[in-house]
Amino acid sequence: MTLSIKRNINNLQAFKGVSSLNGAYINNNNGANKTESNVQNSPAQNANIESSQNLAPKTQIQKPMQTTQGYAPELKQAQTISKPASAYIEGVGAVPSGYFIEGESNHGSEDHIIKKTPLTGARIVADKITKSIFSYAPKGMRGSKNSNFYEYLSLGMIPYIVGSVMMVATTVAASKFFNPSDAKASKMIGKGAALGVAFYAVMKWLGGKVMEKGTEALTGVDMAMPYKKVISELPENGEEKTSTEFHRVFESVDFPRWDLINKKGEEEGNRYQYYDDIAKKKLGCDEPLNAPDQVVQPLIKKALTKAMAAKSISSFLWAATGVALAAQKDFANFGSFPNKPKFKEFITKVPVDFVRTLKDASKSLWNGTSVKSKIVGRGLIIGAAASTVLGLLNVKRGYKIDKKPSESQIDYKKDYVEN
(Lines give C-alpha, C1' and ligand atoms only; values in the text may rest on other atoms or scores of the structure.)
Protein backbone atom coordinates (compact mmCIF):
# COMPACT_ATOMS: atom_id res chain seq x y z
CA MET A 1 0.00 0.00 0.00
CA THR A 2 2.88 2.35 0.82
CA LEU A 3 4.34 1.73 -2.64
CA SER A 4 1.02 2.69 -4.19
CA ILE A 5 1.00 6.04 -2.37
CA LYS A 6 4.57 6.79 -3.33
CA ARG A 7 3.84 5.92 -6.98
CA ASN A 8 0.99 8.42 -7.01
CA ILE A 9 3.20 11.15 -5.59
CA ASN A 10 5.94 10.40 -8.10
CA ASN A 11 3.44 10.57 -10.94
CA LEU A 12 2.24 13.96 -9.76
CA GLN A 13 5.76 15.30 -9.50
CA ALA A 14 6.70 13.94 -12.94
CA PHE A 15 3.74 15.75 -14.52
CA LYS A 16 4.45 19.00 -12.65
CA GLY A 17 4.80 21.99 -14.94
CA VAL A 18 4.51 19.99 -18.19
CA SER A 19 1.19 21.32 -19.51
CA SER A 20 -2.29 22.32 -18.44
CA LEU A 21 -3.64 19.15 -20.07
CA ASN A 22 -1.60 17.03 -17.63
CA GLY A 23 -2.86 19.11 -14.76
CA ALA A 24 -6.43 18.67 -15.87
CA TYR A 25 -5.86 14.93 -16.20
CA ILE A 26 -4.48 14.80 -12.65
CA ASN A 27 -7.46 16.70 -11.26
CA ASN A 28 -9.84 14.36 -13.03
CA ASN A 29 -8.21 11.14 -11.89
CA ASN A 30 -6.68 12.05 -8.51
CA GLY A 31 -9.73 10.88 -6.61
CA ALA A 32 -9.55 7.45 -8.18
CA ASN A 33 -5.89 7.10 -7.25
CA LYS A 34 -6.65 7.96 -3.66
CA THR A 35 -9.39 5.41 -3.49
CA GLU A 36 -7.15 2.65 -4.79
CA SER A 37 -4.63 3.18 -2.01
CA ASN A 38 -7.23 2.75 0.79
CA VAL A 39 -4.61 4.24 3.16
CA GLN A 40 -4.85 7.61 4.88
CA ASN A 41 -2.05 9.91 3.75
CA SER A 42 0.25 11.67 6.15
CA PRO A 43 0.11 15.48 6.46
CA ALA A 44 3.39 15.80 4.53
CA GLN A 45 2.07 13.65 1.72
CA ASN A 46 -1.17 15.65 1.56
CA ALA A 47 0.83 18.85 1.36
CA ASN A 48 2.84 17.50 -1.57
CA ILE A 49 -0.32 16.46 -3.40
CA GLU A 50 -2.03 19.80 -2.80
CA SER A 51 1.01 21.71 -4.00
CA SER A 52 1.08 19.61 -7.18
CA GLN A 53 -2.60 20.21 -7.75
CA ASN A 54 -2.19 23.97 -7.39
CA LEU A 55 0.29 23.96 -10.29
CA ALA A 56 -2.47 22.93 -12.74
CA PRO A 57 -5.55 25.03 -13.58
CA LYS A 58 -8.93 23.80 -12.37
CA THR A 59 -9.99 22.55 -15.78
CA GLN A 60 -11.56 19.23 -16.53
CA ILE A 61 -11.49 17.52 -19.91
CA GLN A 62 -14.68 15.70 -20.70
CA LYS A 63 -14.10 12.41 -22.44
CA PRO A 64 -15.40 12.54 -26.02
CA MET A 65 -18.30 10.30 -26.84
CA GLN A 66 -17.44 7.21 -28.84
CA THR A 67 -18.58 7.45 -32.44
CA THR A 68 -19.44 4.58 -34.74
CA GLN A 69 -20.05 4.17 -38.44
CA GLY A 70 -23.76 3.88 -37.87
CA TYR A 71 -26.37 3.54 -35.19
CA ALA A 72 -25.03 3.17 -31.65
CA PRO A 73 -27.59 2.07 -29.03
CA GLU A 74 -25.54 3.56 -26.20
CA LEU A 75 -26.01 7.06 -27.69
CA LYS A 76 -29.82 7.04 -27.67
CA GLN A 77 -30.08 9.58 -24.87
CA ALA A 78 -27.80 12.02 -26.71
CA GLN A 79 -29.72 12.14 -29.97
CA THR A 80 -30.61 15.81 -29.47
CA ILE A 81 -26.95 16.89 -29.65
CA SER A 82 -26.24 18.70 -32.90
CA LYS A 83 -23.24 20.87 -31.96
CA PRO A 84 -20.36 19.95 -29.69
CA ALA A 85 -19.71 21.89 -26.53
CA SER A 86 -16.11 22.96 -26.09
CA ALA A 87 -13.83 23.80 -23.20
CA TYR A 88 -10.99 26.28 -23.62
CA ILE A 89 -7.67 25.24 -22.13
CA GLU A 90 -4.90 27.77 -21.92
CA GLY A 91 -2.03 26.90 -24.23
CA VAL A 92 -4.09 24.20 -25.97
CA GLY A 93 -7.20 25.87 -27.35
CA ALA A 94 -10.75 24.66 -27.69
CA VAL A 95 -11.19 20.98 -26.87
CA PRO A 96 -14.52 19.46 -28.04
CA SER A 97 -16.44 17.55 -25.44
CA GLY A 98 -18.80 15.76 -27.83
CA TYR A 99 -19.29 14.81 -31.44
CA PHE A 100 -22.10 15.03 -33.93
CA ILE A 101 -24.83 12.43 -33.99
CA GLU A 102 -26.47 10.74 -36.99
CA GLY A 103 -29.83 11.81 -38.33
CA GLU A 104 -31.09 13.73 -41.38
CA SER A 105 -31.34 16.97 -39.40
CA ASN A 106 -28.35 16.34 -37.12
CA HIS A 107 -25.59 15.06 -39.37
CA GLY A 108 -23.47 18.02 -38.39
CA SER A 109 -19.90 17.55 -39.60
CA GLU A 110 -20.44 14.05 -41.00
CA ASP A 111 -20.69 13.12 -44.68
CA HIS A 112 -24.17 11.84 -45.48
CA ILE A 113 -26.36 10.85 -48.42
CA ILE A 114 -28.92 13.52 -49.26
CA LYS A 115 -32.46 12.87 -50.34
CA LYS A 116 -33.02 13.12 -54.11
CA THR A 117 -35.77 15.32 -55.50
CA PRO A 118 -36.51 16.42 -59.08
CA LEU A 119 -34.55 19.62 -58.39
CA THR A 120 -31.60 18.08 -56.56
CA GLY A 121 -29.38 18.03 -59.63
CA ALA A 122 -30.26 21.63 -60.53
CA ARG A 123 -29.54 22.77 -56.97
CA ILE A 124 -26.12 21.07 -57.02
CA VAL A 125 -25.21 22.69 -60.36
CA ALA A 126 -26.38 26.09 -59.10
CA ASP A 127 -24.33 25.63 -55.93
CA LYS A 128 -21.20 24.81 -57.95
CA ILE A 129 -21.62 27.77 -60.31
CA THR A 130 -22.26 30.21 -57.47
CA LYS A 131 -19.33 29.00 -55.39
CA SER A 132 -17.05 28.85 -58.43
CA ILE A 133 -17.58 32.57 -59.07
CA PHE A 134 -17.69 33.92 -55.53
CA SER A 135 -15.57 31.42 -53.57
CA TYR A 136 -13.43 28.96 -55.54
CA ALA A 137 -11.95 31.46 -58.00
CA PRO A 138 -10.99 34.04 -55.32
CA LYS A 139 -9.46 31.29 -53.16
CA GLY A 140 -7.36 30.03 -56.03
CA MET A 141 -6.23 33.52 -57.05
CA ARG A 142 -4.92 34.32 -53.57
CA GLY A 143 -3.23 30.92 -53.26
CA SER A 144 -5.38 29.56 -50.46
CA LYS A 145 -4.09 26.37 -48.90
CA ASN A 146 -7.69 25.13 -48.72
CA SER A 147 -8.15 25.07 -52.51
CA ASN A 148 -8.56 21.49 -53.72
CA PHE A 149 -9.11 19.44 -56.86
CA TYR A 150 -12.90 19.47 -56.49
CA GLU A 151 -12.88 23.25 -56.70
CA TYR A 152 -10.55 23.13 -59.70
CA LEU A 153 -12.93 20.81 -61.58
CA SER A 154 -15.94 22.93 -60.62
CA LEU A 155 -14.27 25.99 -62.14
CA GLY A 156 -14.37 24.22 -65.53
CA MET A 157 -18.01 25.26 -65.95
CA ILE A 158 -17.13 28.95 -65.93
CA PRO A 159 -14.97 28.96 -69.12
CA TYR A 160 -17.67 26.90 -70.86
CA ILE A 161 -20.36 29.44 -70.00
CA VAL A 162 -18.23 32.53 -70.65
CA GLY A 163 -16.78 31.12 -73.87
CA SER A 164 -20.20 30.22 -75.22
CA VAL A 165 -21.56 33.70 -74.51
CA MET A 166 -18.55 35.35 -76.14
CA MET A 167 -18.79 33.11 -79.20
CA VAL A 168 -22.41 34.14 -79.73
CA ALA A 169 -21.71 37.81 -78.93
CA THR A 170 -18.95 38.13 -81.52
CA THR A 171 -21.41 37.37 -84.32
CA VAL A 172 -24.13 39.78 -83.25
CA ALA A 173 -22.36 42.58 -81.35
CA ALA A 174 -21.37 44.45 -84.52
CA SER A 175 -24.54 43.69 -86.50
CA LYS A 176 -25.82 47.24 -85.95
CA PHE A 177 -22.96 48.53 -88.10
CA PHE A 178 -23.86 46.23 -91.01
CA ASN A 179 -26.30 46.87 -93.82
CA PRO A 180 -29.72 45.21 -93.34
CA SER A 181 -28.95 42.04 -95.31
CA ASP A 182 -25.60 41.48 -93.59
CA ALA A 183 -27.09 42.21 -90.17
CA LYS A 184 -29.77 39.61 -90.76
CA ALA A 185 -27.17 37.00 -91.77
CA SER A 186 -25.04 37.84 -88.73
CA LYS A 187 -28.00 37.39 -86.39
CA MET A 188 -28.86 34.04 -88.00
CA ILE A 189 -25.29 32.82 -87.47
CA GLY A 190 -25.41 33.98 -83.85
CA LYS A 191 -28.73 32.27 -83.27
CA GLY A 192 -27.38 29.07 -84.80
CA ALA A 193 -24.32 29.20 -82.53
CA ALA A 194 -26.51 29.76 -79.46
CA LEU A 195 -28.76 26.86 -80.41
CA GLY A 196 -25.72 24.68 -81.04
CA VAL A 197 -24.34 25.38 -77.55
CA ALA A 198 -27.75 24.78 -75.95
CA PHE A 199 -28.41 21.58 -77.91
CA TYR A 200 -24.92 20.29 -77.12
CA ALA A 201 -25.44 20.71 -73.36
CA VAL A 202 -29.02 19.45 -73.29
CA MET A 203 -28.47 16.39 -75.51
CA LYS A 204 -25.29 15.44 -73.65
CA TRP A 205 -27.19 15.67 -70.36
CA LEU A 206 -30.13 13.67 -71.72
CA GLY A 207 -27.84 10.96 -73.12
CA GLY A 208 -26.12 10.55 -69.77
CA LYS A 209 -29.42 10.64 -67.86
CA VAL A 210 -30.90 7.87 -70.04
CA MET A 211 -27.88 5.70 -69.28
CA GLU A 212 -28.15 6.41 -65.54
CA LYS A 213 -31.87 5.69 -65.36
CA GLY A 214 -31.52 2.57 -67.51
CA THR A 215 -28.71 1.25 -65.31
CA GLU A 216 -30.78 1.85 -62.20
CA ALA A 217 -33.80 0.10 -63.72
CA LEU A 218 -31.74 -2.95 -64.73
CA THR A 219 -29.39 -3.27 -61.76
CA GLY A 220 -30.77 -1.13 -58.95
CA VAL A 221 -27.53 0.91 -58.88
CA ASP A 222 -28.16 4.66 -58.78
CA MET A 223 -25.10 6.14 -60.48
CA ALA A 224 -26.19 9.67 -59.53
CA MET A 225 -26.76 9.01 -55.80
CA PRO A 226 -25.59 12.30 -54.23
CA TYR A 227 -23.99 12.92 -50.86
CA LYS A 228 -22.80 15.99 -49.03
CA LYS A 229 -19.18 16.06 -47.97
CA VAL A 230 -18.30 18.28 -45.02
CA ILE A 231 -14.73 19.59 -44.89
CA SER A 232 -13.03 21.28 -41.96
CA GLU A 233 -10.67 23.71 -43.62
CA LEU A 234 -7.19 24.54 -42.38
CA PRO A 235 -7.02 27.75 -40.30
CA GLU A 236 -6.43 30.92 -42.31
CA ASN A 237 -5.93 34.34 -40.70
CA GLY A 238 -6.84 32.83 -37.35
CA GLU A 239 -10.22 31.57 -38.58
CA GLU A 240 -11.45 28.00 -38.93
CA LYS A 241 -14.23 27.39 -41.44
CA THR A 242 -16.29 24.45 -42.61
CA SER A 243 -17.14 24.02 -46.30
CA THR A 244 -19.44 21.60 -48.10
CA GLU A 245 -19.07 19.76 -51.39
CA PHE A 246 -21.51 17.64 -53.39
CA HIS A 247 -20.27 14.32 -54.69
CA ARG A 248 -21.69 11.04 -55.95
CA VAL A 249 -21.50 7.87 -53.92
CA PHE A 250 -20.35 5.92 -57.00
CA GLU A 251 -18.20 8.58 -58.66
CA SER A 252 -15.18 6.31 -58.05
CA VAL A 253 -15.47 2.69 -59.14
CA ASP A 254 -12.41 1.71 -57.13
CA PHE A 255 -13.49 3.45 -53.93
CA PRO A 256 -17.29 3.79 -53.69
CA ARG A 257 -18.63 5.22 -50.44
CA TRP A 258 -19.89 1.93 -49.04
CA ASP A 259 -19.69 3.46 -45.55
CA LEU A 260 -22.39 6.03 -46.38
CA ILE A 261 -24.66 3.33 -47.82
CA ASN A 262 -24.20 1.27 -44.66
CA LYS A 263 -24.80 4.30 -42.45
CA LYS A 264 -28.04 5.11 -44.23
CA GLY A 265 -29.15 1.49 -43.84
CA GLU A 266 -28.39 1.58 -40.12
CA GLU A 267 -30.50 4.71 -39.73
CA GLU A 268 -33.37 2.80 -41.34
CA GLY A 269 -32.81 -0.29 -39.16
CA ASN A 270 -30.88 -2.59 -41.50
CA ARG A 271 -27.22 -2.04 -42.34
CA TYR A 272 -27.49 -4.14 -45.52
CA GLN A 273 -30.86 -2.85 -46.71
CA TYR A 274 -29.43 -1.51 -49.99
CA TYR A 275 -27.82 -4.84 -50.89
CA ASP A 276 -30.84 -6.86 -49.76
CA ASP A 277 -33.12 -4.82 -52.04
CA ILE A 278 -30.84 -5.36 -55.05
CA ALA A 279 -30.53 -9.08 -54.32
CA LYS A 280 -34.30 -9.48 -54.04
CA LYS A 281 -35.55 -7.14 -56.80
CA LYS A 282 -32.78 -7.34 -59.41
CA LEU A 283 -30.97 -10.62 -58.77
CA GLY A 284 -34.02 -12.80 -58.04
CA CYS A 285 -32.99 -14.01 -54.58
CA ASP A 286 -36.02 -15.30 -52.72
CA GLU A 287 -34.25 -15.51 -49.38
CA PRO A 288 -31.89 -13.03 -47.70
CA LEU A 289 -28.21 -13.64 -48.36
CA ASN A 290 -25.86 -14.49 -45.53
CA ALA A 291 -23.36 -11.80 -46.57
CA PRO A 292 -25.21 -9.52 -49.00
CA ASP A 293 -22.47 -6.87 -49.10
CA GLN A 294 -19.77 -9.37 -50.09
CA VAL A 295 -21.97 -10.85 -52.82
CA VAL A 296 -23.50 -7.66 -54.27
CA GLN A 297 -20.61 -5.20 -54.05
CA PRO A 298 -18.46 -6.91 -56.73
CA LEU A 299 -21.47 -7.01 -59.06
CA ILE A 300 -22.13 -3.30 -58.48
CA LYS A 301 -18.53 -2.38 -59.31
CA LYS A 302 -18.66 -4.52 -62.45
CA ALA A 303 -21.90 -2.87 -63.59
CA LEU A 304 -20.54 0.62 -62.79
CA THR A 305 -17.43 0.05 -64.90
CA LYS A 306 -19.54 -0.89 -67.92
CA ALA A 307 -22.14 1.84 -67.35
CA MET A 308 -19.59 4.65 -67.00
CA ALA A 309 -17.82 3.64 -70.20
CA ALA A 310 -21.12 3.44 -72.11
CA LYS A 311 -22.24 6.78 -70.65
CA SER A 312 -19.08 8.54 -71.81
CA ILE A 313 -19.52 7.24 -75.36
CA SER A 314 -23.27 7.70 -75.74
CA SER A 315 -23.48 11.15 -74.11
CA PHE A 316 -20.99 12.65 -76.56
CA LEU A 317 -22.67 10.98 -79.52
CA TRP A 318 -25.98 12.50 -78.42
CA ALA A 319 -24.24 15.87 -77.98
CA ALA A 320 -22.93 15.68 -81.55
CA THR A 321 -26.42 14.81 -82.76
CA GLY A 322 -27.75 17.88 -80.95
CA VAL A 323 -25.24 20.16 -82.66
CA ALA A 324 -26.17 18.63 -86.03
CA LEU A 325 -29.87 19.29 -85.35
CA ALA A 326 -29.18 22.92 -84.44
CA ALA A 327 -27.27 23.35 -87.70
CA GLN A 328 -30.27 22.46 -89.87
CA LYS A 329 -31.87 25.25 -91.89
CA ASP A 330 -35.23 24.59 -90.24
CA PHE A 331 -34.04 26.57 -87.21
CA ALA A 332 -33.14 29.59 -89.31
CA ASN A 333 -36.59 31.15 -88.83
CA PHE A 334 -37.20 29.79 -85.34
CA GLY A 335 -38.42 32.50 -82.98
CA SER A 336 -39.00 34.99 -85.76
CA PHE A 337 -42.26 36.95 -85.69
CA PRO A 338 -43.58 39.43 -88.29
CA ASN A 339 -44.32 41.86 -85.49
CA LYS A 340 -42.92 42.09 -82.00
CA PRO A 341 -45.15 39.71 -79.98
CA LYS A 342 -46.59 40.44 -76.59
CA PHE A 343 -45.33 38.48 -73.61
CA LYS A 344 -48.37 36.16 -73.44
CA GLU A 345 -48.22 35.49 -77.18
CA PHE A 346 -44.49 34.79 -76.96
CA ILE A 347 -44.91 32.29 -74.12
CA THR A 348 -47.71 30.37 -75.85
CA LYS A 349 -46.32 30.30 -79.41
CA VAL A 350 -42.60 29.66 -78.85
CA PRO A 351 -42.97 26.12 -77.34
CA VAL A 352 -45.28 25.05 -80.17
CA ASP A 353 -42.96 26.55 -82.75
CA PHE A 354 -39.96 24.81 -81.15
CA VAL A 355 -41.58 21.35 -81.23
CA ARG A 356 -42.56 21.78 -84.88
CA THR A 357 -39.10 23.06 -85.84
CA LEU A 358 -37.35 20.24 -83.96
CA LYS A 359 -39.48 17.68 -85.79
CA ASP A 360 -38.67 19.23 -89.18
CA ALA A 361 -34.96 19.46 -88.31
CA SER A 362 -34.88 15.79 -87.34
CA LYS A 363 -36.38 14.85 -90.70
CA SER A 364 -33.86 17.06 -92.50
CA LEU A 365 -30.96 15.49 -90.62
CA TRP A 366 -32.24 11.98 -91.40
CA ASN A 367 -32.89 12.60 -95.08
CA GLY A 368 -29.99 14.98 -95.71
CA THR A 369 -29.49 17.33 -98.62
CA SER A 370 -27.01 15.01 -100.36
CA VAL A 371 -25.80 11.44 -100.16
CA LYS A 372 -22.92 12.35 -97.86
CA SER A 373 -25.05 14.45 -95.51
CA LYS A 374 -27.62 11.65 -95.44
CA ILE A 375 -24.98 9.11 -94.40
CA VAL A 376 -23.57 11.43 -91.72
CA GLY A 377 -26.99 12.35 -90.32
CA ARG A 378 -28.28 8.80 -90.12
CA GLY A 379 -24.95 7.63 -88.77
CA LEU A 380 -25.16 10.10 -85.88
CA ILE A 381 -28.74 9.23 -84.97
CA ILE A 382 -28.29 5.45 -85.26
CA GLY A 383 -24.91 5.54 -83.53
CA ALA A 384 -26.21 7.53 -80.56
CA ALA A 385 -29.26 5.29 -80.11
CA ALA A 386 -27.23 2.09 -80.59
CA SER A 387 -24.59 3.17 -78.06
CA THR A 388 -27.29 3.60 -75.43
CA VAL A 389 -29.08 0.32 -76.13
CA LEU A 390 -25.93 -1.77 -76.48
CA GLY A 391 -24.43 -0.10 -73.42
CA LEU A 392 -27.42 -1.04 -71.26
CA LEU A 393 -27.43 -4.60 -72.59
CA ASN A 394 -23.75 -4.89 -71.73
CA VAL A 395 -24.41 -3.60 -68.21
CA LYS A 396 -27.05 -6.27 -67.67
CA ARG A 397 -24.87 -9.02 -69.11
CA GLY A 398 -23.31 -11.04 -66.30
CA TYR A 399 -25.22 -9.18 -63.60
CA LYS A 400 -26.47 -12.27 -61.78
CA ILE A 401 -25.76 -14.65 -58.93
CA ASP A 402 -24.93 -18.29 -59.48
CA LYS A 403 -27.72 -20.03 -57.57
CA LYS A 404 -26.65 -23.58 -58.45
CA PRO A 405 -25.23 -25.59 -55.56
CA SER A 406 -21.53 -26.19 -55.65
CA GLU A 407 -20.58 -29.40 -57.48
CA SER A 408 -17.29 -29.77 -55.64
CA GLN A 409 -17.20 -32.67 -53.21
CA ILE A 410 -14.84 -33.70 -50.46
CA ASP A 411 -13.42 -37.23 -50.61
CA TYR A 412 -13.20 -38.26 -46.98
CA LYS A 413 -11.50 -41.55 -47.91
CA LYS A 414 -8.26 -39.77 -48.82
CA ASP A 415 -5.58 -39.55 -46.19
CA TYR A 416 -4.53 -36.21 -44.76
CA VAL A 417 -0.82 -35.68 -44.99
CA GLU A 418 0.93 -32.84 -43.20
CA ASN A 419 4.30 -31.79 -44.62
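On a predicted model such as this, the values are computed, not experimentally measured, just so you know.
Scanning both residues, Thr244 and Tyr136, for their nearest heavy atoms gives O-OH, 4.2 Å. Looking at every heavy atom in both residues, Lys204 comes nearest to Ala319 through CB-CB, 3.8 Å. Annotation for Ile124 and Phe246: closest pair CG2-CB, 3.8 Å, computed over non-hydrogen atoms. Considering all non-hydrogen atoms of both residues, Tyr274 and Val221 come closest at OH-CA, 3.6 Å. Contact detail for Ala183 and Ser175: the closest heavy-atom pair is CB-O, 3.4 Å. Taking every heavy atom of both residues into account, Asn146 and Leu234 meet most closely at OD1-N, 2.7 Å.
Atom OG1 in Thr242 sits 10.0 Å away from atom CD1 in Ile231 (nearest 0.5 Å). For the atom pair CD (Gln273) and CD1 (Ile278), the distance works out to 11.0 Å, reported to the nearest 0.5 Å. Put simply, OH on Tyr272 and CD1 on Ile261 are 12.5 Å apart, with the number rounded to the nearest 0.5 Å. From Ser243, atom OG reaches atom NZ of Lys229 across 10.0 Å, with rounding to the nearest 0.5 Å. Taking CG from Leu393 and CG from Leu218, the interatomic distance works out to 8.0 Å, rounded to the nearest 0.5 Å. In this structure, the separation between CG on Leu155 and OG on Ser135 is 9.5 Å, given to the nearest 0.5 Å.
Of the possible polar contacts, none joining the Asp293 side chain to the Tyr275 backbone as a donor-acceptor pair under 3.5 Å is found. Between the Ser147 side chain and the Gly143 main chain, no donor and acceptor come within less than 3.5 Å of each other. Remark: the backbone N or O of Ser154 is not paired with any side-chain donor or acceptor of Lys128 at under 3.5 angstrom. No donor-acceptor distance shorter than 3.5 angstrom exists from the side chain of Arg271 to the backbone of Gly265, with no hydrogens or angles considered. Lys282 places a side-chain N or O within donor-acceptor distance of the main-chain N or O of Ala217, the cut-off being under 3.5 Å. Without hydrogens or angle criteria, Lys187 side chain to Asp182 main chain gives no donor-acceptor distance under 3.5 Å.
Put simply, the side chain of Ile114 does not reach to within 4.5 Å of the side chain of Tyr227, judged on heavy atoms. A heavy-atom distance below 4.5 Å is not found between the side chains of Met225 and Arg248. You'll find the side chain of Asp127 stays beyond 4.5 Å of the side chain of Arg123, heavy atoms only. Inter-residue side-chain proximity for Val249 and Ile113 is flagged as met; some heavy-atom pair is nearer than 4.5 Å. Side chains of Tyr160 and Tyr200 form a contact here, defined as non-hydrogen atoms less than 4.5 Å apart. For the pair Tyr399 and Lys306, the minimum side-chain heavy-atom distance is 4.5 Å or more. Side-chain contact between His112 and Leu260: absent, with no pair of heavy atoms (C-beta onward) separated by less than 4.5 Å. Side-chain contact check for Glu212 versus Glu216: every heavy-atom pair is 4.5 Å or farther apart.
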Please assess Asn367 against Arg378 for the test side-chain contact (heavy atoms from CB on, under 4.5 Å), listing each intermediate value before the final yes or no.
CA-CA 8 Å; Asn367 296 324; Arg378 293 190 178 186; 4.0 Å; yes
Given Ser315 and Trp205, is the side-chain hydrogen bond (donor to acceptor under 3.5 Å, both in side chains) satisfied, shown in steps?
CA-CA 7 Å; Ser315 61; Trp205 175 79; over 6 Å; no
For side-chain hydrogen bond (donor to acceptor under 3.5 Å, both in side chains), just list the numbers for Ser181 and Asn179, CA-CA rounded to whole Å, side-chain angles, deciding distance to a tenth of an Å, and then say yes or no.
CA-CA 6 Å; Ser181 60; Asn179 58 53; 2.8 Å; yes
Determine, stepwise, if the pair Thr357 / Asp330 fulfils side-chain hydrogen bond (donor to acceptor under 3.5 Å, both in side chains).
CA-CA 6 Å; Thr357 305; Asp330 300 273; over 6 Å; no
Residues Phe134, Ile129; criterion side-chain contact (heavy atoms from CB on, under 4.5 Å); working and verdict:
CA-CA 9 Å; Phe134 298 104; Ile129 293 176; over 6 Å; no
Passes side-chain contact (heavy atoms from CB on, under 4.5 Å), Asp353 versus Val350? Steps please.
CA-CA 5 Å; Asp353 187 25; Val350 166; 5.6 Å; no
Run Val323 and Val197 through side-chain contact (heavy atoms from CB on, under 4.5 Å) and show every step you take.
CA-CA 7 Å; Val323 174; Val197 171; over 6 Å; no
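Heavy atoms from other residues, nucleotides or ligands lying under 6.0 Å from OH of Tyr152 number 12 at most. Heavy-atom contacts from other residues, nucleotides or ligands closer than 6.0 Å to CZ of Phe316 number 12 or fewer. More than 12 non-hydrogen atoms from other residues, nucleotides or ligands lie less than 6.0 angstrom from NZ of Lys139.
Under a 4.0 Å N-O distance rule, the pair Glu267/Lys264 does not qualify as a salt bridge. No salt bridge links Lys228 with Glu245; every basic N to acidic carboxylate O contact stays at or beyond 4.0 Å. No salt bridge links Lys280 with Asp276; every basic N to acidic carboxylate O contact stays at or beyond 4.0 Å. Ion pairing between a basic and an acidic side chain is recognised when a charged N comes within 4.0 Å of a carboxylate O; Arg356 and Asp360 show such pairing. Ion pairing between Glu236 and Lys145 fails under the 4.0 Å rule for side-chain N and carboxylate O. For Lys116 and Asp222, the salt-bridge test passes: some basic side-chain N is under 4.0 Å from an acidic carboxylate O. Using a cutoff of 4.0 Å between basic side-chain nitrogens and carboxylate oxygens, Lys263 and Glu110 are scored as salt-bridged. A salt bridge is defined here as a Lys NZ or Arg NE, NH1 or NH2 lying under 4.0 Å from an Asp or Glu carboxylate O, and Lys241 with Glu233 fails to meet this definition.
Taking the six-membered ring where the residue is Trp, the centroids of Phe331 and Phe199 are separated by under 6.0 Å.
Using a 3.5 Å distance cut-off with no hydrogens or angles, the side chains of Trp318 and Ser387 do not pair a donor with an acceptor.
In terms of the salt bridge (charged side-chain N to carboxylate O under 4.0 Å, His left out) criterion, Lys374 has no residue partners (sequence neighbours excluded).
No cation-pi contact links Arg257 to Phe250, judged by a cut-off of 6.0 Å to the six-membered ring centre and 45° from its axis.
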